[in-house]
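Each residue takes its place number in the sequence, starting with 1. Computed from a predicted structure; not experimentally measured.
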Amino acid sequence: MSAAEAEQKAEEEAVKGGELLFCGTTSWDAIGRRKVSPEGNLVSPTRLRPLVGVDIRFVASGCASTHCVALDVEGRCYTWGRNEARRAFDKGQLGHGDQIQRDRPTVVSELSKYRIVRAGSGRSHTVVLTEDGITLSFGWNKHGQLGTGSVKNELELSPVRCLVSEVTNAVCGADFTVWLTTVEGASILTAGLPQYGQLGHGTDNEYNTKDSSVRLAYEAQPRPKAIASLAGETIVKIACGANHTVAVDSNGYVYTWGFGGYGRLGHREQKDEWAPRRVDVFTKHNLVPPDAVVSAGSANSACTAGGGQLYMWGKIKNTGDDWMYPKPLMDLRLWSIPLCTFVAFYSCDSELLKYFNFGWHLSCMDSGSMHHFVGADSSCISWGHAQSGELGYGPAGQKSSAVPKKVEILDGMHVISVACGLAHSMVIVDRTNGADQLDQLDVYDGKAFGEGSEEPNGNTRVAKTTAKRGAAKTSENSKRKAKDSSESEDEQDSEDGSDDSEEQVNGRAEKKKPRGGKASGSGRGRGRGRGRPPVEKKGSESAQGRGKVAKRGRPKKS
């Protein structure tokens, strides 16, 4: 089967849709903040009551996301997860016009007039793509990650239009967004936080908050801007980690840029890259095919290359050395192969790996913070570090796995799509050959929270339990106070307004901003510590990861 035929088949399966299964924690308000109670974990793939029988075509989450997005074949968009107003990073990312947490998939009513076909999920924002090639976004916009051209509105609780046209795909990092388009010379655009160079424009936009201050911030980029160094290339695949990006062009070359710690960029060093840099492993005889699978976790990256072999690089395990450049993941390709074949094959040079084509054919993959899910033939495979059941091994299975393992309960079922988030995973499986298996799976009702959800099934049973809402920790309150005091100095927004004129779409005719002595603009990267969001513990990595040290003061315009 040719690459074009394989891609067409994948698209037809996606349109057909299937049953959504979920595993991992359902304690949305506790993820990443405190030890999650095992009572809130779904350790086996589980059906969600509001979506039982609904044909889901696409699911999205992210390695920094504590919320989920699901799209059905009719173009409806369902969201659920963390969304509470009292949390520091819960900013209306569910798109329902409020900041109420929802534990059950709920239709985004304001998107009902659109047919949504794809979606991307960041830490606290969401971007959706319609079949007409336009994108809408909602959630936190402090760094301009919604792509509206302005940071005047820090929160957008309902969908707003992005300033990008002719879009084919949109994906999200923690606090930034990447769009792929069919526009010549602007096939890839980015907006949001530039702190590690993840926007690919050759700078991190670092500046002093005041002339007399050593406190640094990062100037937000709210207007989607084409990456100049890729203007002559057509980008066909894209994936985002928390603070880095992986892209594949139509010639089969792989580019990475952004935060370089742990070797997640694959360049044999840990320095940040502020512009796309080609990964030298995927050149000459090892180009990436058009139907390749590309994925990015919080500290690692992956893609399939010659013969369908999966390569990974970055922080692969919690222990052991980091992979500073792409290496074939032998554990995955060589399953189910006779021992004599394994011994003969493993003794060969790893570069010969691309000429062999046995084992599984990987159809989809996604990565969470430190775990991975793969759909391959009639198997579902997962591995990585997990504590909340996100690998789906069941109550008798292990929590984590350093090597890929089958999700036995799904063995024999065809996987259409997968998505991984922070401590949770989602899988869409085909009902055609797995109806009997699906009937044996548990069904999770979710906790009602007065959301007034629009359910596809009228007989939805409401769980009797309610979520415990604890008070915010003292440390979090102190951080808020520090943040409030730092943000009170400059509230006037000197950024451009929400000008939606056609000539400014896709980063064209961008106006220059006035540059004063003070930091102005309510969205100029002012997270905790004026623009340094707590996305990663840099520790010793910071000294190695930041190969390029920006000078203090405002960066020069390139």
[X] side, atom [atom1]; [Y] side, atom [atom2] - distance, nearest 0.5 Å:
X	Y	atom1	atom2	result
Leu391	Ile381	CG	CD1	12.5 Å
Ile31	Ser65	CD1	OG	10.0 Å
Leu94	Cys68	CG	SG	9.5 Å
Thr168	Arg118	OG1	CZ	8.5 Å
Arg104	Thr79	CZ	OG1	13.5 Å
Leu155	Gln93	CG	CD	9.5 Å

Checklist entry - When you look at Val59 and Phe22, which way does the side-chain contact (heavy atoms from CB on, under 4.5 Å) test go after all the steps? => result CA-CA 11 Å; Val59 283; Phe22 180 96; over 6 Å; no
Item to check | His125-Trp140 aromatic ring centre distance below 6.0 Å | outcome: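 No, ring centres 6.0 Å or more apart.
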Can you tell if the side chain of [X] reaches within under 4.5 Å of the side chain of [Y], non-hydrogen atoms only?
X	Y	answer
Asp55	Glu74	no
Trp313	Cys303	yes
Tyr218	Asp204	yes
Asn141	Asn153	no
Pro45	Val427	no
Leu20	Met426	yes
Leu21	Leu410	yes
Phe58	Val117	no

What are the two closest non-hydrogen atoms of [X] and [Y], and how far apart are they?
X	Y	result
Ile409	Gln437	O-NE2, 3.5 Å
Trp80	Ala70	CZ3-CB, 3.9 Å
Leu180	Ile238	CD1-CG2, 3.8 Å
Thr130	Leu136	CG2-CD1, 3.7 Å
Thr177	Cys172	OG1-SG, 4.0 Å
Ile416	Cys364	O-SG, 4.1 Å

Next on the checklist: Can you tell me which residue among Asp98, Leu157, Asp29, Thr66 is in a side-chain contact (heavy atoms from CB on, under 4.5 Å) with Asn83?
Outcome noted: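 For Asn83, the side-chain contact (heavy atoms from CB on, under 4.5 Å) check succeeds only for Asp98.
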Checklist entry - Checking side-chain contact (heavy atoms from CB on, under 4.5 Å) against Ser379, which of His414, Lys406, Met413 comes through? => result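 Running side-chain contact (heavy atoms from CB on, under 4.5 Å) over His414, Lys406, Met413 with Ser379 returns exactly one hit, Lys406.
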Verify the neighbour count for atom [atom1] of [X]: are there more than 12 heavy atoms of other residues, nucleotides or ligands below 6.0 Å?
X	atom1	answer
Lys327	NZ	yes
Asp411	CG	yes
Tyr114	OH	no
Asp321	CG	no

Checklist entry - Run the side-chain contact (heavy atoms from CB on, under 4.5 Å) check on Ser367 and Cys420 step by step: do they pass? => result CA-CA 5 Å; Ser367 301; Cys420 295; 5.6 Å; no
Give a yes or no on whether the backbone of [Y] and the side-chain of [X] come within a donor-acceptor separation of less than 3.5 Å.
X	Y	result
Asp272	Gly260	yes
Trp257	Gln198	yes
Thr256	Leu265	yes
Ser363	Gly375	yes
Trp323	Gly314	no
Arg49	Val443	no
Ser61	Ala419	no
Ser400	Ala386	yes
Thr25	Ser27	yes
Glu156	Gly139	no

Item to check | Residue list, side chain to side chain donor-acceptor pair (under 3.5 Å) with Glu19, at least two apart or on another chain | outcome: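 For Glu19, the residues satisfying side chain to side chain donor-acceptor pair (under 3.5 Å) (neighbours in sequence not counted) are Arg47, Arg431.
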Next on the checklist: Does Val374 form a side-chain contact (heavy atoms from CB on, under 4.5 Å) with Val415? I'd like the steps, not just the answer.
Outcome noted: CA-CA 9 Å; Val374 168; Val415 177; over 6 Å; no
Checklist entry - Angle class for the His372/Trp383 ring planes (parallel below 30°, perpendicular above 60°, tilted otherwise)? => result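 Plane angle between 30° and 60°, so tilted.
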Checklist entry - Stepwise, does the side-chain hydrogen bond (donor to acceptor under 3.5 Å, both in side chains) test hold for His96 with Thr106? => result CA-CA 9 Å; His96 299 295; Thr106 308; 4.8 Å; no
Checklist entry - Any luck finding a side-chain donor-acceptor pair between Asp175 and His143 under 3.5 Å? => result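 Side-chain D/A pair, Asp175 to His143: absent.
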Item to check | Donor + acceptor pair across side chains of His244, Ser301 (<3.5 Å) | outcome: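 The answer is yes; a qualifying pair exists.
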Checklist entry - Where do Arg102 and Tyr78 land on the side-chain contact (heavy atoms from CB on, under 4.5 Å) test, with the steps shown first? => result CA-CA 11 Å; Arg102 283 164 170 78; Tyr78 303 80; over 6 Å; no
Next on the checklist: Under the criterion side-chain hydrogen bond (donor to acceptor under 3.5 Å, both in side chains), I'd like the reasoning laid out for His67 against Ser121: C-alpha separation, chi angles, the key distance, then a yes or no.
Outcome noted: CA-CA 8 Å; His67 68 287; Ser121 173; 3.1 Å; yes
